[in-house]
Amino acid sequence: MSLFKIFNLWTIKSSDITKSYDSNSLHCCRLNVLDSDEKDYIIIGSHNGFLSIYQPIFNAEEENENFPSFSASNVVLEAKLDAPIIALASGKFSTCGKNETRNLLAVLHPLKLVIYAITPSDSNTELGDSSRLQIVQEHSLQSHAFDMCKGHFGGYKGREFLCVYHLDGTLKFFEQDGIVVDCQLLKELTIPSKFMYVPRIDCFVTLSSSWVLECFRYQDIIDAKQLNKNIVPIWTLCIGEGILDMNVNQVSKTESVIVLLGENNLICTSDTGKIKFIKRLDYVPVCLCSFVIGWYWENNARMIITILSENGTLLIYDQMILMWAAQLSFTDTIAIQRSNIQGLPGGAIVTLNNKGILNVGYLGSDPYIFKAPLLNLQQLDFQKAYIELNELETCIKKGVDISDVKIQNAAAERDIKIQLTMNPNLETCAFTAPNCSTVDDDQKRMARLSIAFKPLGTFEQVQVTIFVNRPLKSSIERYVFKEPTVNETEHLDTYIYVTNMTDIPSMVVQVFFTCINKQSIVRIIERQIPVAHEMIYKEMQPQREAKYKITLTCDSNVEFNHIKHFGSIFSEAFFTKEKEPNIHAFGFKSIYSGNIVSIAVSKNTNRYRIQADSIEILTPFLMHLIEKLTKPVTNEKKNIQNAAKVTISPPFIPIEFLVSNINAHYQKRQEYNNLMLEIDRRNAELRLFESRFIVKSQEENAKLSGIQYLIDLTNNKIATAEKFAKLLLDDLLNTQIRLSSTVLLIKTVVKHIGLHTKVIQAISNTLNHCIYDYFEQSWEEAIYPSLDFLNHIGSFNKNEKLKDYFQGTTSEQSIEFDFQTFLTHVKTILTRVIQMSNTVNDAEREKYDEFFGNSEDSDKGLMEKSEWLNETLPVGASVLLGEYEEAPQIKQEDNIVESNTEFLPKIHEDSEFSIEDQFSVENSIPE
């Protein structure tokens, strides 16, 4: 709300007090009914057909500076017409010649255009002179009208023409001699918008249905009608949003400006299609009025823009600088004009609300008594902020009943029954992917996912979202069921297929059900289902040796036949056909990437090995194997035993491979962003050349060959750059998929190497395996703050205290991204993770527990023991605290990594682990 108000000078209620007005219902003009020195008349036309004409008069000397109220003599005319009034215009529409000083009034109805003359009556009444309407011309319209404009079309001086814009995009021109020209602006579906005439260039401007501002020359419209050609705009400008109002003002001898009031922005363009400025509005606009102070040929002339907001505030701008703001006395104002009222110098502000209340006022200066308090600009104290944050969190925990949340989630599960079915019978892929083909000419296949749910309660809508990891794609990614019928099953079928020749990070399909009930309470239910691996992999003989090997050890406390269980894993989960029950090894080959993976089981111990020459193909098989091994086992007596515990030793964390993928991804993204900036620069040059070409084409004997050559050359460069950008984008997508597979593999390994629970959570939450890049921020920049925090706080760097870390950072500072520092953080943290996983003896575990505490200690005891945790610990650092998950006792030499560069070879060396019995893969493959 503004500090100032609009001072009301004159107010009246029109004849029609219903909500039947819009921004075109108010018109201020000089009609020169009695003499040529008259001031403005105020004309109102409602959608119910009421036409009212007023002429407020103010004489300060006679009234002794007491502002007069409404008097009956201010009413010039009131009439009830037989059709709704859409638009009003005034001008010299008669055929009497240049000596005629009286202006006529044009009234646009849906199916006709009527031109009236306001003539005074011969007799006078007690309340003053009276006037009447006299029809001068009347034109019938074949289609419904939307708007009209007036002007000296074609440059004719001394007389004005009218142009009616119809709902179907048709233009109809009315000249004074009765000549009517009819033409179609565009031969496509149009959404009608404001239609204005620009006198300086003799053109019309309007906004198309695609939110593009288009400018059409009047002569081109007439020639197109005569020659039966299409009408082509001389220039276009993408606005990107719908407009609420539009004005045209000439600001100099060589330029006119078009002021557009958008839904969110104020846009000002020149009559040549160049944007002068765009101002973002932080309020909801309603309408605008723009005018020029002074004559446009004067050097000191300036344009003023007034905008009316939804909350009744009038904002006045000089160009894009806010000069004044004032509050209106009436709400729901929908139209505003500036008018010259007799007796009031400087002009008046005329407003009309949606109930027909007309108000004439001026800018007042009565401030409100309320005084805004001073802003608190003190620097944030992290110590006090942490104490306050803890107090607020304690209050929130006391006020929130966790049991209510559990009850609500359980109720959401009960209110809707969900069933996901993956069809085991694969189908031939019917979707085209230009960058996807099989390596051995195998048939591309797709899997059908059937989703069914039955709402047991009343829902406003249920949105089903299907998410898969790239390069998998779902034919339907999102579908909304509006008001599903209670107790009736809804079905949705979608197809999962491959779009790229890379290895898949995960075969799991996530389906989210967003349920909104009648009380607008939102509940989200998640379901997961794996894709049949037979869609991507085919069975083959396992390999004896491979470059990368991962060894899994299953807890021996769980009693089951691991060899028989191993055969059931891959015969039931991967393929529909039956397999031998005691099979010892499997081999699979990707039909898209050609990579091979082998899975084998040890004869005498519960140990498994996954090996391949590519790291990316290991990820889905490792996740699937761990999921099946950790699943509770049912014995022959149908008693469910505890789930097995899986350990990966030695820890397979390919740091150098991850760093290599990060380097490739970051470089590809930088190249793509630089190329897009280059394309933007070329497009700007092209627009400049095209605008120059338009200006030159209007000159006589202009040489356009040079500009045409520049346009063609720039077009060719843009086309070449766009082709290269498409190839580069495909390479960037491939690097994102490879990086996603590597990160997901590392996160899976970290969970099964005996680390502290909170350390696992910290690593998993920091390393996001969904790799997405935006123009403003890359994946590396998004996770850099979390990596920087972990590198400075906790067991990853115990030398720096939390207090010292935050004292070096102020509230006004931000962490600047440095790629080399980012890589250093990644190497340091993962190296420390490997060192943690090797602390298996009692002495090292006791030393290790000094930082994290064992499972019997409380959080308070942990903070008292720690050398670097103190009372100033923020909530963000709590991710490093929790219970310790004891590492399994494995009899082997400790192999603590001391150098990042030596780590990967050590993994390969340890992958030949010294187990007395060999894996069955050696006996299962024929010589």
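Nothing here was measured: the structure is a model prediction, and the numbers come from that model. Heavy-atom basis, side chains included; hydrogens, waters and symmetry copies ignored.
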Novice: So I334 and Y21, do their side chains get closer than 4.5 Å, heavy atoms only?
Specialist: yes
Novice: Give the C-alpha distance, both sets of side-chain angles, the deciding distance and a yes or no for side chain to side chain donor-acceptor pair (under 3.5 Å) between E214 and T236.
Specialist: CA-CA 5 Å; E214 298 178 336; T236 60; over 6 Å; no
Novice: Count the heavy atoms belonging to other residues, nucleotides or ligands that lie under 6.0 Å from NZ of K112, then report whether that count exceeds 12.
Specialist: yes
Novice: Go through the steps to decide whether D318 and R302 satisfy the test salt bridge (Lys or Arg N to Asp or Glu O under 4.0 Å), and finish with yes or no.
Specialist: CA-CA 8 Å; D318 184 356; R302 56 178 182 159; 3.0 Å; yes
Novice: Can you tell if the side chain of L352 reaches within under 4.5 Å of the side chain of T333, non-hydrogen atoms only?
Specialist: no
Novice: Can you see which heavy atom on L31 is nearest to which on Y41, and at what distance?
Specialist: N-CD1, 3.8 Å
Novice: Can you check whether Y283's main-chain N or O pairs, donor with acceptor, with S309's side chain at less than 3.5 Å?
Specialist: no
Novice: Taking H166 for its side chain and S143 for its backbone only, find out whether a donor-acceptor pair lies under 3.5 Å.
Specialist: yes
Novice: Can a side-chain donor-acceptor contact be found between Y672 and D731 if the only test is distance below 3.5 angstrom?
Specialist: no
Novice: Do the side chain of Q319 and the main chain of I304 share a donor and acceptor less than 3.5 angstrom apart?
Specialist: no
Novice: Please determine whether side chain to side chain contact (heavy atoms under 4.5 Å, CB included) holds for the pair T206 and D147, giving the CA-CA distance in whole Å, both sets of side-chain angles, and the decisive distance to 0.1 Å.
Specialist: CA-CA 11 Å; T206 186; D147 197 4; over 6 Å; no
Novice: Quick one: do T313 and N311 satisfy side chain to side chain donor-acceptor pair (under 3.5 Å)? Show the steps, please.
Specialist: CA-CA 6 Å; T313 303; N311 59 1; 3.2 Å; yes
Novice: So, applying side chain to side chain contact (heavy atoms under 4.5 Å, CB included) with F93, which one of E175, K150, R159 is it?
Specialist: K150
Novice: Can you find a heavy atom in the side chain of I711 that is under 4.5 Å from one in the side chain of F693?
Specialist: yes
Novice: Would you kindly say whether K668 and N673 are connected by a side-chain donor-acceptor distance under 3.5 Å?
Specialist: no
Novice: Side chains of N265 and E241: is there a donor and an acceptor less than 3.5 Å apart?
Specialist: yes
Novice: Are E678 and N674 close enough that a side-chain donor and a side-chain acceptor fall under 3.5 Å?
Specialist: no
Novice: For a quick check under 3.5 Å, do D16 and S14 share a side-chain donor-acceptor pair by atom type?
Specialist: no
Novice: If you take all heavy atoms of K274 and S691, which pair is closest and at what distance?
Specialist: CE-OG, 4.2 Å
Novice: Do I307 and Y317 pass the side chain to side chain contact (heavy atoms under 4.5 Å, CB included) test, and can you show the C-alpha distance, the side-chain angles, and the key distance before you say yes or no?
Specialist: CA-CA 8 Å; I307 300 178; Y317 295 88; 3.9 Å; yes
Novice: Should Q219 and I221 count as side-chain neighbours, where that means a heavy-atom distance under 4.5 Å?
Specialist: no
Novice: Just do the side chain to side chain donor-acceptor pair (under 3.5 Å) check on K194 and N24 with the steps written out, would you?
Specialist: CA-CA 10 Å; K194 279 283 187 178; N24 288 339; 2.7 Å; yes
Novice: Compute the centroid of each ring, for Y197 and then for F153, and state whether the two points are separated by less than 6.0 Å.
Specialist: yes
Novice: State, with a plain yes or no, whether a side-chain heavy atom of V212 is found less than 4.5 Å away from one of I239.
Specialist: no
Novice: To the nearest 0.5 Å, tell me how far L81 CG sits from L133 CG.
Specialist: 7.0 Å
Novice: Which value, rounded to the nearest 0.5 Å, describes the distance between I243 atom CD1 and L213 atom CG?
Specialist: 7.0 Å
Novice: Quick check: closest heavy atoms across P84 and P110, and the distance to 0.1 Å?
Specialist: O-CD, 3.3 Å
Novice: Where is the tightest heavy-atom contact between I336 and I349, given as atom of each residue plus distance?
Specialist: CD1-CG2, 4.0 Å
Novice: What I'd like to find out is whether the side chain of P233 reaches to under 4.5 Å of the side chain of C215, using heavy atoms alone.
Specialist: no
Novice: Calculate, to the nearest 0.5 Å, the distance between atoms CH2 and CD belonging to W211 and E263 respectively.
Specialist: 6.0 Å
Novice: Counting heavy atoms not belonging to I321, are there more than 12 under 6.0 Å from its CD1?
Specialist: no
Novice: Indicate the atoms forming the closest heavy-atom contact of S25 with H47, along with that distance.
Specialist: OG-NE2, 4.3 Å
Novice: Backbone N or O of G154 within a donor-acceptor pair of the D202 side chain at under 3.5 Å?
Specialist: yes
Novice: Minimum heavy-atom separation for G262 and L244, please, with both atom names.
Specialist: O-CD1, 4.0 Å
Novice: Evaluate side chain to side chain contact (heavy atoms under 4.5 Å, CB included) for F50 paired with I44, printing each intermediate quantity in order.
Specialist: CA-CA 8 Å; F50 287 92; I44 300 175; over 6 Å; no
Novice: Can you tell which of N249, T306, D245 makes a side-chain hydrogen bond (donor to acceptor under 3.5 Å, both in side chains) with S290?
Specialist: N249
Novice: Under 3.5 Å, is there a donor on one side chain and an acceptor on the other for H109 and D82?
Specialist: no
Novice: Is it true that D773 and S778 share a donor-acceptor pair across their side chains at a distance under 3.5 Å?
Specialist: no
Novice: Please report the C-alpha distance between S252 and E255 in whole Å, then the side-chain angles of each, then the deciding distance to 0.1 Å, and finally whether the side chain to side chain contact (heavy atoms under 4.5 Å, CB included) criterion is met.
Specialist: CA-CA 5 Å; S252 66; E255 185 182 31; 3.5 Å; yes
Novice: Find out whether I278 and L266 are in side-chain contact, i.e. whether some heavy atom of one side chain is under 4.5 Å from a heavy atom of the other.
Specialist: no
Novice: Check this for me: W295, atom CH2, are more than 12 non-hydrogen atoms of other residues, nucleotides or ligands nearer than 6.0 Å?
Specialist: no
Novice: Can you establish whether the number of heavy atoms outside R478 located under 6.0 Å from its atom CZ is more than 12?
Specialist: no
Novice: Per the salt bridge (charged side-chain N to carboxylate O under 4.0 Å, His left out) rule, which among R217, R200, K276 passes with D271?
Specialist: R200
Novice: Any donor-acceptor pair under 3.5 Å linking the side-chain atoms of D182 with those of T170?
Specialist: no
Novice: Can you confirm whether the side chains of E685 and T714 place a donor and an acceptor under 3.5 Å from each other?
Specialist: no
Novice: Any chance you could measure Q337, atom CD, to I43, atom CD1, to the nearest 0.5 Å?
Specialist: 11.0 Å
Novice: How about F431: does its CZ atom have over 12 heavy atoms from other parts shown lying under 6.0 Å from it?
Specialist: yes
Novice: So which of L108, V107, I86 actually passes side chain to side chain contact (heavy atoms under 4.5 Å, CB included) with L113?
Specialist: L108
Novice: For Y772, does the OH atom sit with more than 12 other heavy atoms under 6.0 Å from it, leaving out its own atoms?
Specialist: yes
Novice: Less than 4.5 Å apart, any side-chain heavy atom of K172 and any of C183?
Specialist: no
Novice: Within a radius of less than 6.0 Å around CD of E310, do more than 12 heavy atoms belonging to other residues, nucleotides or ligands occur?
Specialist: no
Novice: What's the separation between atom OG in S474 and atom CD in E477, rounded to the nearest 0.5 Å?
Specialist: 6.5 Å
Novice: Angle class for the F204/Y218 ring planes (parallel below 30°, perpendicular above 60°, tilted otherwise)?
Specialist: tilted
Novice: So for atom NZ, which belongs to K80, do other residues, nucleotides or ligands contribute more than 12 heavy atoms lying within a distance under 6.0 Å?
Specialist: yes
